[in-house]
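What follows is a single structure, written as structure tokens, with notes after it.
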Amino acid sequence: MQLPPKVTERAFARLAEIGAADQGQALRVAVEGGGCSGFQYEIALDAPQADDLILEGHGQKVVVDEVSLPFLENAVIDFTEELIGARFVINNPNATSSCGCGTSFSM
């Protein structure tokens with residue numbers, strides 16, 4: 001059984017703060033081939049599609065397409081603020097290695 005990704009309260013709170021749902025947008029998390037480790041995350045605001053998995057909280061939505069879903073099984077989508085900046089991050093237990101910036105990984 002495939003476990004969907006989880007979204008933290010911080011990530012939903014940040015989406016609410018920027019007004020994503022008010023604009024009809026959701027946070028899209030996708031996995032694409034490329035990057036320095038083989039796969040890379042694509043994170044953007046986008047409109048939900050009919051075949052997306054929709055994760056909801058605080059009136060906000062995070063969506064994952066069917067192709068990306070197996071790569072994000074049991075991952076955690078979070079939001080972090082550090083000295084170098086604020087960003088959405090993915091903690092992916094399926095990744096065997098990742099690059100230093102965290103946007104690229106291998107399985």
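Residues take their numbers from the sequence shown, with the count starting at 1. Bear in mind that the values here come from a model prediction, so they are computed numbers and not experimental data.
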What donor-acceptor contacts under 3.5 angstrom involve side-chain atoms of residues 54-61, with partners at least two apart or in another chain?
unit_1, atom_1, unit_2, atom_2, d
H58, NE2, E9, OE1, 2.4
Q60, OE1, A21, N, 3.1

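Considering only residues two or more places apart in sequence or on other chains, N91 meets the side-chain contact (heavy atoms from CB on, under 4.5 Å) condition with V76. Legend: residues meeting side chain to side chain donor-acceptor pair (under 3.5 Å) with E42, ordered by chain and number and at least two apart, are absent. Taking E81 as the reference, F79, A86 meet the side-chain contact (heavy atoms from CB on, under 4.5 Å) condition, with sequence neighbours excluded. A search for salt bridge (charged side-chain N to carboxylate O under 4.0 Å, His left out) contacts involving D52 returns R28, not counting sequence neighbours. Taking the side-chain contact (heavy atoms from CB on, under 4.5 Å) definition, one finds that V89 meets it with D78, T80, R87, sequence neighbours left out. Shown here are the side-chain contact (heavy atoms from CB on, under 4.5 Å) partners of D22, two or more places apart in sequence or in another chain: there are none.
Exactly one residue among V67, L72, L69, N92 makes a side chain to side chain contact (heavy atoms under 4.5 Å, CB included) with V31. That residue is L72.
Considering only heavy atoms from C-beta on, P5 stays 4.5 Å or farther from V29 through its side chain.
Each ring pair (Phe, Tyr, Trp, His ring centres under 6.0 Å) pair with one or both residues in residues 7-34, not counting sequence neighbours, would appear here, but there are none.
To the nearest 0.5 Å, atom CD of residue Q49 and atom CG of residue D65 are 9.5 Å apart. If you take CD1 on I18 and CG on L45, they are separated by 5.0 Å, rounding to the nearest 0.5 Å. Between the CD1 atom of I90 and the CZ atom of F71 there is a distance of 13.5 Å, given to the nearest 0.5 Å. Summarising the geometry, atom CZ belonging to F88 is positioned 6.5 Å from atom CZ belonging to R14; distances are rounded to the nearest 0.5 Å.
Contact between G24 and P48 at its shortest, heavy atoms only, is O-CD, 4.1 Å. Shortest non-hydrogen contact noted between D51 and E66 is O-CG, 3.4 Å. Summarising the geometry of Q25 relative to D46, their closest heavy-atom pair is OE1-N, 3.2 Å, with the distance given to 0.1 Å.
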Next item on the list: Please assess I77 against T8 for the test side chain to side chain contact (heavy atoms under 4.5 Å, CB included), listing each intermediate value before the final yes or no.
Entry: CA-CA 6 Å; I77 301 162; T8 66; over 6 Å; no
Notebook entry, point to check: Run the side chain to side chain contact (heavy atoms under 4.5 Å, CB included) check on L53 and V63 step by step: do they pass?
Noted result: CA-CA 6 Å; L53 169 69; V63 297; over 6 Å; no
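Using a distance-only test at 3.5 Å, with no hydrogens or angles considered, no donor-acceptor pair links the side chain of E32 to the main chain of A30.
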